[in-house]
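Below: one structure, written as structure tokens.
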Amino acid sequence: MEKTTRIVKTMVDDEAKQRHVKNTRLRNARLERDAHTPAVSEPVDRKTGSSKVTTKR
């Protein structure tokens, strides 16, 4: 019984380490992508030269 518990604990710990490494890698990739992505600006109306902000009346 102890041998089985020890083996399962090792497997669970290994999976947790792999998950942590994957999450860290993906988080760093997302932060890198966001750092190189320009900010999104509002579309500008070519006729008036102002942004298209709609107001309710």
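For this chain, numbers begin at 1 and follow the sequence in order. Model, not experiment: these values are computed from the prediction.
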Self-check item: Value rounded to 0.5 Å, distance of CD in Glu32 from OG1 in Thr37
Solution: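 Glu32 CD to Thr37 OG1: 10.0 Å, rounded to 0.5 Å.
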Quiz item: Say you draw a straight line from CG of Asn28 to CZ of Arg33; how long is it, rounded to the nearest 0.5 Å?
Solution: 12.5 Å
Quiz item: In the hydrophobic cluster built from side-chain contacts under 4.5 Å, what are the other members alongside Val21?
Solution: none
Quiz item: Going by side-chain heavy atoms closer than 4.5 Å, which hydrophobic residues are tied to Val8, directly or by a chain of links?
Solution: Val12
Quiz prompt | Intermediate values then yes/no, salt bridge (charged side-chain N to carboxylate O under 4.0 Å, His left out), Asp13 and Lys9 | solution = CA-CA 6 Å; Asp13 288 345; Lys9 182 169 174 37; 3.6 Å; yes
Quiz item: For Asn23, which of Arg25, Arg19, His20 qualifies under side chain to side chain contact (heavy atoms under 4.5 Å, CB included)?
Solution: Arg19
